Asks: 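One structure is given below, represented as structure tokens, and several questions about it will come after.
The chains referred to below are lettered A, B, ... by the order of the sequence lines, with proteins before strands, and numbering in each begins at 1. All figures in this text were calculated on a predicted structure; none of them were measured in a lab.
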2 protein chains.
Amino acid sequence: MSVGIRHDDLRRRNRAMVIAAVRRDGQPSRTEIAATTGLSHSTISAISADLIGEGILTEGKPNEAGSLKRGRPQVGLGLNPEAAAVMTVVLSLNFLSVAVIDYAGQVVAEEQRRLDTLTMSREALIGECTAIVRRRIEDPDLDIRSVARIALAIQGITDTKARAMLWSPITPQTDIAFADILEAEFGIPATMENDCNMMAVALRWRDPQRYRDDFIAILLSHGIGMGLVLKGELFTGTHSSGGEFGHMIHRPGGALCRCGRRGCVEAYAGNYAIWRNARQLGEDAEPVADVSDAQMRTLAATAREKDGPEREAYRKAGEALGYGLGSLFALIDPAPVAMVGVSAAAFDLIEPALREAIAQTAGGQHSESISFDTEPNELPLIREGCAMRALTFVDQEIFAPGVQARGSAGKSVA
Amino acid sequence: MSVGIRHDDLRRRNRAMVIAAVRRDGQPSRTEIAATTGLSHSTISAISADLIGEGILTEGKPNEAGSLKRGRPQVGLGLNPEAAAVMTVVLSLNFLSVAVIDYAGQVVAEEQRRLDTLTMSREALIGECTAIVRRRIEDPDLDIRSVARIALAIQGITDTKARAMLWSPITPQTDIAFADILEAEFGIPATMENDCNMMAVALRWRDPQRYRDDFIAILLSHGIGMGLVLKGELFTGTHSSGGEFGHMIHRPGGALCRCGRRGCVEAYAGNYAIWRNARQLGEDAEPVADVSDAQMRTLAATAREKDGPEREAYRKAGEALGYGLGSLFALIDPAPVAMVGVSAAAFDLIEPALREAIAQTAGGQHSESISFDTEPNELPLIREGCAMRALTFVDQEIFAPGVQARGSAGKSVA
DNA sequence: TCTATTTTTTCGAGCCTCGAAAAAACACTG
DNA sequence: CAGTGTTTTTTCGAGGCTCGAAAAAATAGA
């Protein structure tokens with residue numbers, strides 16, 4: 001049931017709002033915060049005094065951006081990098097990457113490892129993750145007092161509660177509650193996120209002009225994934241991370257998909273599908289386990305060079321993506337799209353067929369107004385998204401908690 | 001930007017919460033409201049005293065449900081039917097229907113008219129709507145002081161702001177800002193809603209057990225529509241009412257749809273499509289303008305009787321709906337489905353192929369756990385939904401406003 | 001009639017936000 | 001270089017709101 005607003009909630013929410021404004025706007029003055037939040041100057045003054053006292057915010061130098069103005073110069077408020085740290089863990093095909101990030105969002109440490117995720121046992125996979133996290137946390141060079149939160153991202157399906165990986169193409173293992181495991185191991189709150197959702201989160205921070213309330217991030221990689229932001233909120237399914245754009249049906253009974261079903265968008269537009277079509281192996285050919293980025297780049301080069309099966313493969317991918325997007329647009333209306341991943345670098349080969357297909361669908365009404373942007377490198381995006389997700393959690397839950405917790409936190413710092 | 005919470009918002013929100021609790025639970029006592037909202041008894045007591053003083057709530061008789069309990073009996077709080085009235089206007093193919101509903105949700109007046117919506121001019125259509133509303137408002141028999149809000153529903157696409165009909169299959173006219181027109185004409189706040197969304201709203205009130213946070217209402221009528229509730233919120237597109245399930249693509253380049261495109265789900269599952277297939281007219285045959293409910297019932301009867309083109313037509317409809325649902329489930333995960341409209345009465349003919357198709361999709365993982373419910377009559381549902389939508393608006397915006405407005409309202413009643 | 005029990009109201013305390021005024025910190029001016 | 005104007009930030013009292021505890025109200029059972 002919906003719950004009433006208690007009196008203490010007021011301060012908590014407004015604290016969170018101030019922190020969010022500072023994180024969003026960089027170095028806003030108290031006056032600017034008052035303007036964007038709609039709260040009075042007195043309230044902002046009181047809250048920011050508290051936050052500075054607790055070591056969460058810091059006052060910037062007043063002589064920041066050339067003070068040409070007449071009166072008392074604005075004092076920019078910033079996030080105190082030492083207020084907390086968070087950790088990101090990104091698990092992708094044969095690759096594990098962690099980073100420690102300070103409260104202001106700067107990477108202070110990182111470590112990467114190659115693994116053979118496709119053949120590893122459940123225990124080995126979990127072991128590698130906990131080990132790498134432990135190494136970073138216990139690193140004596142790291143002068144971070146404590147990691148306040150861990151965010152994991154994995155390609156595949158996670159549950160709505162952000163506790164577990166349910167299924168992932170990078171491992172035969174299923175249902176690993178990574179978040180619970182890490183929490184139990186280190187006593188640090190953790191969440192398990194879908195990689196494409198983190199891409200969307202990152203895009204929102206990178207370019208809030210373009211990616212604000214409604215947009216679509218599509219990962220064009222070995223598989224096809226999607227992160228969807230609607231009305232300013234990350235979209236998730238009712239039970240899982242949802243948004244499995246790659247497994248919408250493009251052609252009933254069509255090409256064989258990595259998921260074992262037939263006719264999914266991914267079975268035409270995933271790297272393995274483009275590869276399969278370029279090699280003219282037939283739609284029933286078993287998907288290959290991996291195609292290297294270099295191989296895909298070669299494929300794209302060939303397709304650009306001459307009209308042959310390679311070009312046709314990209315055309316088919318464009319068609320599948322276009323019809324898929326058309327169906328998606330029928331549900332949510334058109335929105336800006338960011339194409340991410342190695343095949344986004346071949347978007348020139350994909351776009352014509354994609355636009356042609358969209359024009360045949362309900363999305364076609366605004367065909368020309370749909371904008372596409374490309375970003376070939378997904379990993380940094382996923383990492384950034386994880387970092388922002390973890391930091392936002394700290395902002396909201398740790399630094400803007402109920403009264404009791406806030407009191408003690410205040411004492412421990414003051 | 002997100003806006004801070006002012007001090008006055010507190011009372012406003014908690015007032016809204018109390019009203020919502022009373023509307024939801026029937027005759028809750030103050031103690032029960034305190035329990036469901038999590039607010040203290042004192043707060044509930046104060047707020048309900050205000051609301052009773054303002055004539056919004058009324059105290060029920062204490063001897064309501066056999067007072068077997070020991071102590072002071074609970075006093076049920078109810079909505080005062082005379083506190084306000086709302087009006088619903090439902091515009092469907094060749095049919096216009098309005099109703100006046102009191103604050104407690106009872107219909108106090110209604111009127112219906114047959115029209116030829118497909119051939120009417122823009123002015124005539126608007127004229128009929130304003131005329132019927134005026135007749136109901138100015139009816140001397142009606143002892144309702146004033147209508148506080150009007151909710152219109154129409155088959156087709158409306159804008160996100162709930163101001164205008166953008167496109168509708170029931171008329172060649174487009175972009176009619178019905179809400180603005182009625183507001184200008186009568187000075188009463190109005191909203192323009194999508195019919196299927198109102199079906200979903202109604203289902204939520206009718207059976208909150210089954211249809212709570214996540215469910216799908218699909219209209220199987222001449223066209224195919226959908227109302228979607230996700231995470232307890234009505235789902236809408238970024239620009240329009242969205243949720244155009246009927247125009248997701250089932251087969252690229254496939255059967256001719258009423259919308260002029262090809263291969264939409266509706267081009268296989270709409271009444272005209274079933275009709276077309278049953279008559280073996282071919283997928284390119286121009287959709288007929290209307291098929292009567294009686295004709296559809298005859299068709300279903302024939303299909304049940306013998307294996308022929310009629311049965312095959314329903315099979316194809318089931319397949320299209322199944323693959324469409326499969327794609328939808330890939331995005332949002334499976335959820336309970338309510339099939340509404342005349343073809344829902346033929347769901348026995350549709351279901352086998354539908355389930356078979358879903359099993360071939362990402363939704364298939366939970367194939368057996370997906371439940372279908374049928375309701376052949378959409379009109380009462382749409383009307384109910386409109387009524388609840390309008391009443392909820394009154395609850396939230398008129399009876400739980402900012403402080404200034406509340407003060408004056410209080411005075412005028414006291 | 002008295003007592004136990006449960007619901008509802010009353011009342012003072014504690015917060016929170018707000019507006020107005022004061023204080024602070026600078027640029028400009030002569 | 002002191003004085004003035006301007007803008008930002010803080011201070012302070014007022015007004016509201018919710019809460020907990022206690023009181024009042026309303027009933028069933030003894």
Asks: Take atom CD1 of A:Ile47 and atom C1' of C:dC15, then tell me their distance rounded to the nearest Å.
Replies: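 Taking CD1 of A:Ile47 and C1' of C:dC15, I get 12 Å after rounding.
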Asks: With A:Asp9, which of A:His7, A:Arg6, A:Arg12 fulfils side chain to side chain donor-acceptor pair (under 3.5 Å)?
Replies: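 Exactly one option meets the side chain to side chain donor-acceptor pair (under 3.5 Å) with A:Asp9, and it is A:Arg12.
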Asks: Rounded to whole Å, how long is the line connecting atom CG of A:Leu77 with atom P of D:dT8?
Replies: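 It works out to 14 Å between those atoms.
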Asks: Report yes if the distance between the aromatic ring centroids of A:Phe399 and A:Phe393 is under 6.0 Å, otherwise no.
Replies: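 Here the rings of A:Phe393 and A:Phe399 have centres that are no less than 6.0 Å from each other.
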Asks: Does A:Arg204 make a cation-pi contact with A:Tyr211, if we ask for NZ or CZ under 6.0 Å from the ring centre and within 45° of the axis?
Replies: no
Asks: At their closest point, which heavy atom of B:Asp102 faces which heavy atom of B:Ala104, and how far apart are they?
Replies: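 Heavy-atom minimum between the residues: OD1-N, 2.9 Å.
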Asks: From the set C:dC18, D:dG29, D:dC19, return the single nucleotide nearest to any side-chain atom of B:Arg70.
Replies: D:dG29
Asks: Taking N or O atoms only and anything under 3.5 Å, show me the protein contacts with nucleotides 7-14 of chain C, one pair per line.
Replies:
unit_1 : atom_1 : unit_2  : atom_2 : d
C:dT7  : OP1    : B:Gln74 : NE2    : 2.7
C:dT7  : O4'    : B:Arg72 : O      : 3.2
C:dT7  : O2     : B:Arg72 : NH1    : 3.3
C:dT8  : OP1    : B:Val75 : N      : 2.7
C:dT8  : OP2    : B:Thr31 : N      : 3.1
C:dT8  : OP2    : B:Thr31 : OG1    : 2.6
C:dT9  : OP1    : B:Arg30 : NH2    : 3.4
C:dT9  : OP2    : B:Arg30 : NE     : 2.9
C:dT9  : OP2    : B:Ser45 : OG     : 2.6
C:dT9  : O5'    : B:Ser45 : OG     : 3.4
C:dG14 : N2     : A:His7  : ND1    : 3.3

Asks: Taking atom C1' of D:dT8 as reference, at what distance in whole Å does atom CD1 of A:Ile33 sit?
Replies: 13 Å
Asks: Which heavy atom of A:Val107 sits nearest to which heavy atom of A:Ala99, and what is that distance?
Replies: CG1-CB, 4.4 Å
Asks: Determine the minimum heavy-atom distance between A:Ile5 and B:Arg13, stating which atoms define it.
Replies: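 Nearest heavy atoms, A:Ile5 then B:Arg13: CD1-CD, 3.2 Å.
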Asks: What's the CG-C1' distance between B:Leu10 and D:dC19, to the nearest Å?
Replies: 12 Å
